[in-house]
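Below, chain A is the first sequence line, B the second, and so on; all start at residue 1.
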2 protein chains.
Amino acid sequence: MPGLDPVPKSTLRAHVAERLRAAILAGDIAPGAPLVETALSERFDVSRGPLREALRQLIEEGLVVTVPYTGTHVAPLSVDDVHEIYSLRTALETFAFEQVWARRDDRFRAELNRRNAALIATIDAGDDRASILSELELHGLVYEASGHRLLQRAWHGLRGRLQLYWAAHHRAHGRRGPRRDSHDSYIIAALGNDLAVLRLEVADHMRRGAEQTEKFLRAMPNLSGESKRGDMT
Amino acid sequence: MPGLDPVPKSTLRAHVAERLRAAILAGDIAPGAPLVETALSERFDVSRGPLREALRQLIEEGLVVTVPYTGTHVAPLSVDDVHEIYSLRTALETFAFEQVWARRDDRFRAELNRRNAALIATIDAGDDRASILSELELHGLVYEASGHRLLQRAWHGLRGRLQLYWAAHHRAHGRRGPRRDSHDSYIIAALGNDLAVLRLEVADHMRRGAEQTEKFLRAMPNLSGESKRGDMT
DNA sequence: CAATCGTCGATTGTCGACAATCTGGCACGC
DNA sequence: GCGTGCCAGATTGTCGACAATCGACGATTG
């Protein structure tokens with residue numbers, strides 16, 4: 001009997017964290033908006049105990065910020081963050097590709113093509129929301145295939161923030177624009193044999209992504225949604 | 001007026017997390033040992049609420065593992081982990097050096113020399129415990145000087161595990177061995193102007209560190225095995 | 001004697017109430 | 001008018017008690 005984790009063990013903390021994260025990433029709660037524990041506990045019909053633990057988890061994921069005895073807010077958007085996200089992601093994803101390379105796992109290529117096809121399908125269908133998830137799954141595969149657990153942890157630490165910005169971009173501008181070509185070349189490089197070329201492809205892919213997101217962010221009126229009071233960084 | 005964090009705001013959760021982390025890293029609680037909430041809450045004289053939140057934080061830091069309704073333990077040691085830690089650290093620290101390079105912050109070099117001197121002093125003095133902290137501070141400076149907050153977060157996610165293994169090594173073998181030379185060359189490369197050389201230096205430094213730690217780990221009788229009593233009374 | 005099932009202790013999960021702290025506004029004195 | 005101190009509301013921090021779940025031990029039965 002091969003090792004399997006069949007049981008969907010359930011804790012309120014996990015459920016609340018999941019739903020709250022989904023709400024934030026979907027934009028139902030805007031970046032910078034306050035998160036009041038009592039209100040949330042009533043909204044989710046749980047006590048503040050599990051709710052607070054769920055908040056702690058989202059804090060560690062970088063989706064929520066808090067100040068002791070003062071308040072908790074959804075993480076605000078910032079132009080500097082975008083640059084940091086994409087630059088660090090370049091380093092991580094390049095490293096991930098190198099790891100995959102070293103393992104020479106062929107199942108990786110088939111699954112990569114599968115997810116890339118799924119991504120292109122959602123893009124062609126104009127389903128921007130789904131294409132965001134598809135793109136995250138496509139890139140996530142590289143980290144999964146690396147077999148590097150700590151690397152995957154680091155990626156998870158970035159993914160939330162990245163999704164936060166993509167979602168905001170989606171809400172502000174609708175479609176994020178045509179990205180078929182960039183992904184096609186990405187795949188070609190991954191399937192090729194030249195690691196140096198792949199490195200350049202990754203860097204170029206990230207550079208364009210960062211430029212696009214930064215441009216959109218700068219065009220936004222009030223970035224971090226600081227309506228009333230000074231910042232909380 | 002430069003930004004400063006004046007008030008050392010105190011919460012029980014923060015205190016407990018700090019002390020518990022220190023206890024784990026110092027080896028007062030062995031890797032794999034159980035962490036019972038009721039016992040810890042009595043030990044620290046706090047209720048289980050703040051204690052649980054502190055545990056959540058240590059879980060996110062990778063120092064503690066837990067399974068719902070069953071139990072919580074100090075993270076066990078594993079040979080695979082060492083390889084992952086050092087390989088990911090190579091990627092992160094190389095990236096950090098490149099960031100520092102791009103900023104051309106000269107204060108960095110002075111402080112780098114200062115901390116390197118401090119490290120060598122502790123090594124020469126034979127104070128192994130202090131040299132571990134000194135080495136972490138030396139490498140930590142690279143991340144600080146990068147001015148890259150997300151990179152620092154990623155580093156913090158690695159640092160705990162790394163310190164855990166170094167501390168175990170220290171307890172098992174006493175001195176970790178002479179490392180003056182490696183750090184001298186590290187500094188020389190950092191102060192030089194050839195980034196390519198620096199990259200190789202970083203990779204070499206990490207390779208040797210990983211080899212040393214892995215060797216020591218393999219020599220250990222029972223890696224993550226539970227010592228009979230995770231005694232903490 | 002082996003396998004199965006129920007029970008029990010241990011541990012974590014959850015809850016509601018109370019205390020500590022911060023923010024903002026207002027009255028007061030200069 | 002301006003600064004100061006204080007008060008009230010809101011929000012988070014903390015606590016103790018109760019419920020849910022798990023793992024192991026032992027009784028039971030074939």
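Among residues two or more places apart in sequence or in another chain, the side-chain hydrogen bond (donor to acceptor under 3.5 Å, both in side chains) test is passed with B:Arg114 by B:Glu111. In this view, A:Arg129 and A:Ala26, A:Asp127 satisfy the side chain to side chain contact (heavy atoms under 4.5 Å, CB included) rule, not counting sequence neighbours. Listed by chain and number, the residues in a ring-ring contact (aromatic ring centres under 6.0 Å, His included) with B:Tyr165 amount to none (sequence neighbours excluded). Scanning for side-chain hydrogen bond (donor to acceptor under 3.5 Å, both in side chains) contacts around B:Thr72 gives B:Thr66, with sequence neighbours left out.
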Quick one: what's the B/S/- string for nucleotides 7-18 of chain C, heavy-atom cutoff under 4.0 Å, read 5' to 3'?
----SBBBB-B-

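Listed by first and then second residue, the side-chain hydrogen bond (donor to acceptor under 3.5 Å, both in side chains) pairs that reach into residues 17-27 of chain A are A:Arg21-A:Glu61, sequence neighbours excluded.
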